[in-house]
2 protein chains.
Amino acid sequence: MHLIPMRLTTFTDFSLRMLIHIALKPQGRATIAEVAQAYGISENHLMKVAHLLGQAGYVTTLRGRGGGLVLARPATDITVGEVVRRIEPDLALVPCFAKGDCVILPACRLKHALHAAREAFLAVLDATTLADIAVPDAELRGLLGIAA
Amino acid sequence: MHLIPMRLTTFTDFSLRMLIHIALKPQGRATIAEVAQAYGISENHLMKVAHLLGQAGYVTTLRGRGGGLVLARPATDITVGEVVRRIEPDLALVPCFAKGDCVILPACRLKHALHAAREAFLAVLDATTLADIAVPDAELRGLLGIAA
DNA sequence: CCTAAGATGCATTATCCATACACCTTATAG
DNA sequence: CTATAAGGTGTATGGATAATGCATCTTAGG
């Protein structure tokens with residue numbers, strides 16, 4: 001038996017917000033400072049998010065003047081499930097005995113149910129693409145202060 | 001947009017373990033001290049768990065000598081999903097704007113996807129009963145030190 | 001070569017949960 | 001009727017983890 005920490009951290013939250021923001025920009029380019037301001041969140045933290053998104057191959061990061069972030073793959077090709085799996089640290093398949101503190105592990109049936117439930121959770125997110133959640137309508141752009 | 005803290009706390013973990021333990025006992029009765037010892041977990045914490053399980057109507061708590069905990073409903077009637085929904089504090093439907101810190105809430109499409117994913121997660125657990133995960137085989141009882 | 005942008009590491013702070021402790025209540029045995 | 005075994009309750013402490021802040025470096029245009 002074990003505990004599946006399935007909390008989505010703000011790190012993952014910010015990752016998704018950032019991708020949405022970039023996808024909504026007419027030219028498809030945004031800077032960290034711009035996203036941080038739009039959502040009123042920490043620029044420092046966002047920088048780390050941006051870096052990881054770059055390393056994971058979701059965005060291309062451009063340094064220097066006129067730089068910023070650009071989607072590295074089409075929005076229709078990036079699923080929410082994929083991003084969550086990649087960004088959320090504890091969603092990775094961790095052996096239940098990571099802490100080795102459960103006695104009935106070998107015979108634990110709850111483990112299977114929890115695993116199946118988690119897969120069902122991710123399956124729904126796998127069916128949702130960035131294009132689905134970043135529809136460039138006027139309302140969304142308005143709320144984010146993005147000119148059409 | 002928001003963040004769904006879907007981590008299962010040890011509180012929920014203990015709740016399920018405790019229910020399993022009671023269900024596995026030949027006479028269907030267990031004490032807090034006994035369960036705490038079997039799993040090597042905090043008796044203090046377990047006591048709060050036991051109390052909540054009692055309030056939620058899953059067990060009947062009996063004070064005094066010869067007391068302990070007894071299932072208040074048949075194991076085939078208690079689903080894991082039901083317990084998780086009841087015990088996990090943040091799984092309750094919290095408005096996304098609980099913190100009021102997200103700008104695009106009104107137009108947020110990610111919200112819907114996350115909500116659907118959570119429902120899929122719980123649906124799997126709804127299909128699992130306590131009887132399914134507390135099968136009284138020799139292995140499980142052996143690991144818990146429960147005599148048949 | 002100045003400035004705008006991201007990269008990186010470290011330190012600090014905040015949050016939340018698990019745990020411990022202290023004391024109370026209930027009930028049965030003898 | 002008292003001792004003891006059980007659960008009930010509230011407060012306080014500690015620890016893990018994550019969010020944040022700060023300092024410094026690197027890269028690229030103009």
Side-chain angles (χ1 to χ4, degrees), chain A residues 2-15 17-18 22 25 27 29-37 39-56 58-70 72 87-92 94 98-99 101-102, chain B residues 3-15 17-18 22 25 27 29-37 39-56 58-70 72 87-91 94 98-99 101-102:
Chain A
H2 59 169
L3 172 152
I4 300 183
M6 271 191 73
R7 159 180 48 189
L8 297 187
T9 59
T10 67
F11 205 93
T12 302
D13 191 27
F14 288 178
S15 296
R17 293 199 207 188
M18 182 162 238
I22 298 170
K25 292 279 292 190
Q27 258 63 40
R29 192 183 66 78
T31 66
I32 292 173
E34 175 189 342
V35 177
Q37 196 176 16
Y39 286 103
I41 56 186
S42 160
E43 192 173 334
N44 290 282
H45 207 205
L46 253 195
M47 194 166 293
K48 288 157 202 198
V49 168
H51 184 217
L52 184 52
L53 286 178
Q55 284 192 320
Y58 296 119
V59 303
T60 302
T61 59
L62 303 166
R63 287 181 163 194
R65 275 224 174 162
L69 307 164
V70 181
I87 306 293
E88 270 295 317
D90 293 332
L91 221 53
V94 184
K99 285 179 156 181
D101 57 358
C102 184
Chain B
L3 172 151
I4 300 183
M6 270 191 74
R7 160 179 47 188
L8 296 186
T9 59
T10 67
F11 204 94
T12 302
D13 192 26
F14 290 177
S15 297
R17 294 198 206 189
M18 182 162 238
I22 299 170
K25 292 279 290 189
Q27 258 61 41
R29 193 183 64 80
T31 65
I32 292 173
E34 174 189 343
V35 177
Q37 196 174 16
Y39 287 103
I41 56 187
S42 160
E43 192 174 334
N44 290 281
H45 207 205
L46 254 196
M47 193 165 295
K48 286 160 201 202
V49 168
H51 184 218
L52 186 50
L53 286 178
Q55 284 193 320
Y58 297 119
V59 303
T60 303
T61 60
L62 303 166
R63 288 181 163 193
R65 275 224 172 161
L69 307 164
V70 181
I87 306 293
E88 269 294 318
D90 292 333
L91 221 55
V94 183
K99 285 177 155 183
D101 58 358
C102 184

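Proteins come first, then strands; the chains are lettered A, B, ... in the order of their sequence lines, and each starts at number 1.
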If you find the nucleotide of DNA chain D closest to B:Lys48 and the one closest to B:Ala33, which residue's nucleotide is nearer the 5' end?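 Here B:Ala33 is the residue nearer the 5' end.
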So, is [X] near the phosphate of [N], with a side-chain N or O under 4.0 Å from OP1 or OP2?
| X | N | result |
| --- | --- | --- |
| B:Thr61 | D:dG8 | yes |
| A:Thr10 | D:dA19 | yes |
| B:His51 | D:dG7 | no |

Can you tabulate the close N/O pairs, meaning under 3.5 Å, that link protein atoms to atoms of nucleotides 28-30 of chain D?
none

Where the side chain of B:Thr31 is concerned, which of D:dA19, C:dA18, D:dG7 is the nearest nucleotide?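 Minimum distance to the B:Thr31 side chain belongs to D:dG7.
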Proximal nucleotide (of C:dT8, D:dT20, D:dG7) relative to the A:Met47 side chain: C:dT8
Distance check needed: [N] [atom2] versus [X] [atom1], whole Å only.
| X | N | atom1 | atom2 | value |
| --- | --- | --- | --- | --- |
| B:Glu43 | D:dT9 | CD | P | 17 Å |
| B:Leu53 | D:dG8 | CG | P | 10 Å |
| B:Asn44 | C:dC23 | CG | P | 14 Å |
| A:His45 | C:dA11 | NE2 | P | 18 Å |
| A:Arg17 | D:dA19 | CZ | P | 12 Å |

Quick one: are B:Leu46 and B:Met18 in side-chain contact, heavy atoms under 4.5 Å?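 In short, these two side chains touch, coming nearer than 4.5 Å.
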Please classify the nucleic acid contact of B:Gly68 as base, sugar-phosphate, or nothing, using heavy-atom distances under 4.0 Å.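 If one applies the 4.0 Å heavy-atom cut-off, B:Gly68 turns out to touch the sugar-phosphate alone, with no base involved.
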